[in-house]
Engineer: 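First, the structure itself, so that you have it in front of you.
None of the values given here were measured: they were computed from a predicted structure. Convention: sequence-line order gives letters A, B, ...; per-chain numbering from 1. Heavy-atom basis, side chains included; hydrogens, waters and symmetry copies ignored.
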Amino acid sequence: MNFNIYDFTSFNQWIDNYLYTSLSPFWALIVEMTIIGLVFLTGYALVGLFLVYLERKVCALMQNRIGPNRVGPFGLFQTIADLIKLLLKELISIKQADKLLFNLAPFIVIIASFLCIAAIPFAKGLHAMDFNIGVFYVMAVSSMGVVGILIAGWSSNNKYSLIGAMRSGAQIVSYELSVGLSLITMVVLAGSMQFSTIVEAQSDGWFIFKGHISSVIAFIIFMIASTAETNRGPFDLAEAESELTAGFHTEYSGIKFAFFFLAEYMNMFIVAAIAATVFWGGWMPLHIGGLDGFNHVMDFIPPFVWFFGKTFVIIFLMMWFKWTFPRLRIDQLLTLEWKYLLPINLLNVLLMALMVLMGWHF
Amino acid sequence: MEFTGTQLMFIIFSAIIVIFSILTVTSRRILRAAIYLLFVLISTAGIYFMLNYQFLAAVQLGLYAGGIIVLIIFSILLTSHISQKFEKVEWKKSVFSAIAVIAGIIVTLTAVLNYQFEANNAITQEVDMNLIGTKLLSYDRGGYVLPFEVISILLLASMIGAIVIAKKGKKV
């Protein structure tokens, strides 16, 4: 066994060989799938809890407060205490609701975000599924989460929930276009939709530098559109608490509410991870083509540190948006997408294609 | 009989497809029918993934599960109330549709069972995205540029139609 924090390929190979030599192929496959599932579930819960803590700390920073500071060092165990509280709360069932769909909705939301994680490369060799259509797969799978929000709003049999669900449906369906198109701009530059190829292609400079003008425009559009797609402020109309109590999850309590909450934070993580992978090189260290000494120094920092570092910088940006900008009105929201972002995005795809054809990128 | 992983997955997926297809047409609540249809479409995507045709699987998920089902649910949300239920179907109608279904099953089964399937030992290949892209826009033999353009004109026409319908009339 050779464990190496710079490259997990041989470690995974070792586990794979061990399982296949000691078990029949069928059971080896089942065991492998179970291990991957457990690792992802644990990671999902831990990252989700940490993000809730981070949000409260960042919010406090923006508002000149201290934030959670009583439970554990720096208040680190605050969210764990909150989780235990949520687990112990009563699950209120509603008489006039469609019970089956009401209970199903949180699972659809959480499964859609869970499916996305499978395609994200965390470090060299730490990659559950390396589809050759990676980017497209993530776009396809993430579009299913909205189904959960819509049926949650409808099956609660509540006006606020229904309005929240309709708003979030309109919002996600519109902003999905911009997310997709800005990713396609980067696919044009990379020449591939496979995440491993995209990361490898950035070994002599991240795409945001390689594609300069066009990449920067695509990155800004991606950040705006993906903040909207994750239903976060300033685009949190679906749960605007001053107008709709809590939007589509008004009627949910206890752990079912926690599922929506967790899925929202994990969607933010996924979006940030994709932005980090496609624009900032994923787990690839900061390399500048030609400067070999500098590149070599950067290689000493392990890839997963790079990946999580970049992801959390982007998450910080998204939290900064939330606590800085006021909420948009629904007509302003749709105008922004259809009259500004979409035309700019379409032109940007053309510009990127022209740049790639003429060789204007690095 | 020893199952392989693929066989087991195929059995699970096809069981889900069969069960939820039946539930889709028998459910008396319209949104539940839409959700059952969603499960059928997702399992179909699962079968495509099993065949290693990932592009089609992602198209299935993105277009049908994420696009068409969302559209269907959206229109249900706008038009129907939660307490609404369809009336029970008359027994005459259900007998007639049962006969039609059984006839359909017999025709399909005889066709499938009479066909001589040959086992193919070739290794399943991933379909290259570049190949799909080039074929879609190629005007050589076997290229699909004409259907591609025809479909885009159809799409444009339907978009203009939608805008004309949605546009408000002249202000009086």
Engineer: State whether the number of non-hydrogen atoms from other residues, nucleotides or ligands found under 6.0 Å of B:Phe74 atom CZ is greater than 12.
Structural biologist: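 Correct, the count exceeds 12.
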
Engineer: Under 3.5 Å, is there a donor-acceptor pair between the side chain of B:Tyr53 and the main chain of B:Ile47?
Structural biologist: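 Side chain of B:Tyr53 to backbone of B:Ile47, a donor-acceptor pair under 3.5 Å: no, none is there.
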
Engineer: At a 4.5 Å cut-off on heavy atoms, which part of A:Val173 comes close to chain B: side chain, backbone, both, or neither?
Structural biologist: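 For A:Val173, the side chain is the part near chain B, not the backbone.
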
Engineer: Going by heavy atoms in the side chains, are A:Ser192 and A:Val187 under 4.5 Å from each other?
Structural biologist: no

Engineer: For B:Ile42, is it the side chain, the backbone, both, or neither that has a heavy atom closer than 4.5 Å to a heavy atom of chain A?
Structural biologist: side chain

Engineer: Check each of A:Ile172, A:Leu336, A:Thr230 against A:Phe235 using the side-chain contact (heavy atoms from CB on, under 4.5 Å) test, and report the only one that passes.
Structural biologist: A:Leu336

Engineer: Which atoms of B:Tyr64 come close to chain A, meaning under 4.5 Å heavy atom to heavy atom: side chain ones, backbone ones, both, or neither?
Structural biologist: neither

Engineer: So what's closer than 4.5 Å to chain A heavy atoms on B:Leu31: side chain, backbone, both or neither?
Structural biologist: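 For B:Leu31, the contact with chain A is made by backbone and side chain together.
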
Engineer: Evaluate the side-chain proximity of A:Phe195 to A:Ile120: yes if any heavy-atom separation is below 4.5 Å, no if none is.
Structural biologist: no

Engineer: What part of B:Leu63 lies closer than 4.5 angstrom to a heavy atom of chain A: side chain, backbone, both or neither?
Structural biologist: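 The answer is neither part of B:Leu63.
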
Engineer: Where on A:Leu150 is there a heavy atom nearer than 4.5 Å to chain B: the side chain, the backbone, both, or neither?
Structural biologist: both

Engineer: Let's test your reading of the structure: which of A:Leu101, A:Ile30, A:Leu104, A:Val147 forms the most heavy-atom pairs below 4.5 Å with chain B?
Structural biologist: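 Going by pairs under 4.5 Å, I would pick A:Leu101.
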
Engineer: Measure B:Leu77 against the heavy atoms of chain A and call it side chain, backbone, both or neither at under 4.5 Å.
Structural biologist: both

Engineer: So which residue, A:Val141, A:Leu162, A:Val146, A:Ile151, ends up with the most heavy-atom pairs under 4.5 Å with chain B?
Structural biologist: A:Ile151

Engineer: Using ring centroids (six-membered ring only for Trp), state whether A:Tyr252 and A:Phe102 fall under 6.0 Å.
Structural biologist: yes

Engineer: With heavy-atom distances below 4.5 Å as the criterion, would you say the side chains of A:Val109 and A:Phe259 are in contact?
Structural biologist: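 No. Closest side-chain heavy atoms not under 4.5 Å.
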
Engineer: At a heavy-atom separation under 4.5 Å, does A:Met193 approach chain B through its side chain, its backbone, both, or neither?
Structural biologist: side chain

